[in-house]
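Heads up: the structure comes next, in structure tokens.
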Amino acid sequence: MNRYELTHFKETLLNYSEPDLRYKCSPAIWSIGQMYDHIMLVPNEYLDEVDRCLQEDGQLGGEKTPFGEKLFREGGFPPIKIELPPEMNQPPNNTDTNEQLLGRMTTLISRMDALEARLGDATDDRKTFHGGFGWLNAREWFELVEMHTRHHRRQQQELEGWLTQKDL
């Protein structure tokens, strides 16, 4: 049984109809489908970095930024909305079906399983750079997947609230 935060999203995915996945209460707010796209794109980028560290394709040493230190000390993102700079803030895909999202999620969780099995071989001093958090090793990149995904639970609740209001 998977024990990742992503399993929550996989289990709740089928609660949404296709129109629910695409519903946007305003142009500036993501749909549930866009949130799902995002919580699969970003972890795949982080897992690419896990793999780079495991292949010793990073650098030796390097420190976290002050925000990175705080993030890992507290074990997660602060309970606020985080807005990326415009050049990094492209709207996620809003066209995938439940079936497509489920397939992508299953693949992502399998990838996490495979990389987690290799984390025992990781050295903590082999790191790659994250623009906001500084230099992270394989275990930290892997942990960041969970922190990022958990952070989006609040967004999921908010988007579900918009769906409820839509139907009134």
Side chain to side chain contact (heavy atoms under 4.5 Å, CB included) with His151: which residues, sequence neighbours excluded? Phe77, Ile82, Arg154
Is the closest side-chain heavy-atom distance between Leu60 and Arg126 below 4.5 Å? yes
Would you say that Glu116 contacts Val50 through its side chain, given a criterion of any heavy-atom pair below 4.5 Å between the two side chains? no
Quick one, Ile39 and Gln156 - any side-chain contact, counting heavy atoms below 4.5 Å? no
Please name the pair of heavy atoms, one in Pro43 and one in Val145, separated by the smallest distance, quoted to 0.1 Å. CB-CG1, 3.7 Å
Greater than 12 external heavy atoms within 6.0 Å of Glu63's CD: no
Using 4.0 Å as the upper bound for N to carboxylate O, is an ion pair formed by Arg153 and Glu5? yes
Can you tell me how far OH of Tyr46 sits from NE2 of His148, rounded to the nearest 0.5 angstrom? 5.0 Å
His152 vs Phe9 side-chain heavy atoms within contact, under 4.5 Å: yes
Arg22 and Thr97: which non-hydrogen atoms are nearest, and at how many Å? NH2-N, 3.9 Å
Measuring from Leu13:CG to Gln100:CD, what's the distance to the nearest 0.5 Å? 11.0 Å
Testing the basics here: between Lys10 and Leu102, what is the closest heavy-atom pair and its distance to 0.1 Å? CG-CD1, 3.7 Å
If every non-hydrogen atom of Lys24 is compared with every non-hydrogen atom of Asn94, which pair is closest and at what distance? CD-ND2, 4.0 Å
Rounded at 0.5 Å granularity, tell me how far CG in Asp48 sits from CG in Asp57. 11.5 Å
Nearest non-hydrogen partners of Pro78 and Phe67, listed with the distance: CD-CZ, 4.2 Å
Verify same cluster id: Met105, Met147 (apolar side-chain graph, 4.5 Å): yes
Are the side chains of His8 and Thr149 in contact, using a 4.5 Å heavy-atom criterion? no
Is there a side-chain contact between Arg73 and Lys70, using heavy atoms and a 4.5 Å cut-off? yes
CZ (Phe142) and CG (Leu47) are apart, to the nearest 0.5 Å, by 6.5 Å
What about Leu115 and Met40, same hydrophobic cluster or not, with Ile/Leu/Val/Met/Phe/Trp/Tyr joined at side-chain heavy-atom distances under 4.5 Å? yes
With heavy-atom distances below 4.5 Å as the criterion, would you say the side chains of Leu136 and Lys64 are in contact? yes
So the salt bridge (Lys or Arg N to Asp or Glu O under 4.0 Å) pairs with at least one residue in residues 99-108 (sequence neighbours excluded) are Asp37-Arg104, Asp96-Arg104
So, taking the atom named CD in Glu49 and the one named CG in Asn137, what distance separates them when rounded to the nearest 0.5 Å? 12.0 Å
Once the angle between the rings of His130 and Trp141 is folded into 0 to 90°, is it parallel (under 30°), tilted (30 to 60°) or perpendicular (over 60°)? tilted
Using 4.0 Å as the upper bound for N to carboxylate O, is an ion pair formed by Glu146 and Arg150? no
Would a 4.5 Å heavy-atom cut-off, applied to side chains only, mark Gln165 and Trp162 as touching? yes
Let me confirm one number: the OH-CG distance from Tyr23 to Leu163, rounded to the nearest 0.5 Å. 7.5 Å
Between Tyr4 and Met35, is there a shared hydrophobic cluster once you connect ILVMFWY residues whose side-chain heavy atoms come closer than 4.5 Å? yes
Check whether Val42 and Ile32 end up in the same hydrophobic cluster, where Ile, Leu, Val, Met, Phe, Trp and Tyr are linked by side-chain heavy atoms less than 4.5 Å apart. yes
Would you call the rings of Tyr16 and Tyr36 parallel, tilted or perpendicular if under 30° counts as parallel and over 60° as perpendicular? perpendicular
Minimum-distance pair of heavy atoms, taken over all atoms of Met112 and Leu6: SD-CD1, 3.4 Å
